[in-house]
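Quantities reported herein were computed from a predicted structural model and do not represent experimental measurements.
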Amino acid sequence: ARSGARAHGSVRSGPDRLGRVRLFRRLARLIFGDDVDPALRPLLAVTLAGSLAGSSTFSFMGIWAIKELDAGAQGLGIAFLFGAVFFMISGYAGGHFSDHFGRRPLMLVGWAGGAIYLLGFTVADASVAIGLAYLATYALIGGLGSSVGPALVADLVPPEAHERSY
């Protein structure tokens with residue numbers, strides 16, 4: 001029965017799975033290097049995924065503002081400028097809050113909140129001003145999740161490894 005299930009692709013184990021695991025490990029070593037503390041590997045993966053998602057999110061928000069809102073380049077630039085200021089403020093606040101409420105819960109709130117926040121773009125197109133204001137305030141949520149990563153490094157590695165880990 002097992003060989004029949006394998007022929008249909010429903011059960012994967014043995015050499016096929018081990019080959020994929022080895023490939024993933026080699027790829028991770030290629031990207032992050034050999035000297036990464038094992039405690040930091042999950043944080044690196046989450047941070048990388050968050051950075052990729054954030055980069056693509058802002059690109060798509062710009063396209064949305066121009067195509068759906070008919071926003072001009074100047075208005076979009078100002079919205080992104082305010083977004084950068086909001087990101088700085090929420091990043092500072094996120095670092096402070098993570099000292100009081102914990103790093104992981106705040107990271108989860110920031111990343112999950114950002115994903116939920118994106119659903120609001122479906123109704124934020126009432127006017128150019130409302131849409132651009134909504135676009136700029138996305139950084140308030142994103143800054144919370146992004147600010148915690150560097151603080152987690154100090155929590156995950158011993159003090160003598162801080163400099164190398166950052």
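- Note that CH2 of W111 is 14.0 Å distant from CD1 of I116, once rounded to the nearest 0.5 Å.
- Contact between G83 and A139 at its shortest, heavy atoms only, is O-CB, 3.0 Å.
- Legend: residues meeting side chain to side chain contact (heavy atoms under 4.5 Å, CB included) with I141, ordered by chain and number and at least two apart, are Y117.
- Sorted by first and then second residue, the salt bridge (Lys or Arg N to Asp or Glu O under 4.0 Å) pairs with a member in residues 82-99 read D99-R103; sequence neighbours excluded.
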Show which side-chain atoms of residues 142-150 pair as donor or acceptor with protein atoms under 3.5 Å away, not counting sequence neighbours.
from	atom 1	to	atom 2	distance (Å)
S146	OG	G142	O	3.1
S147	OG	G143	O	3.2
S147	OG	L144	O	3.0

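- Looking at F86, F121, F58 one by one, the single match for ring-ring contact (aromatic ring centres under 6.0 Å, His included) with Y138 turns out to be F58.
- Annotation: side chain to side chain contact (heavy atoms under 4.5 Å, CB included) contacts of A124 (sequence neighbours excluded): W64, Y134.
- Taken from OG in S56 to CE in M61, the straight-line distance is 9.5 Å, to the nearest 0.5 Å.
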Identify each donor-acceptor pair in which a side-chain atom of residues 66-80 lies under 3.5 Å from a protein atom, sequence neighbours left out, and give them as a table.
none

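- In this structure, L156 and R104 approach most closely via the heavy-atom pair CD2-NH2, 3.7 Å.
- Here L135 contributes atom CG and T57 contributes atom OG1; the two are 10.5 Å apart, rounded to the nearest 0.5 Å.
- Residues in residues 49-60 take part in no salt bridge (Lys or Arg N to Asp or Glu O under 4.0 Å) pair, two or more places apart or across chains.
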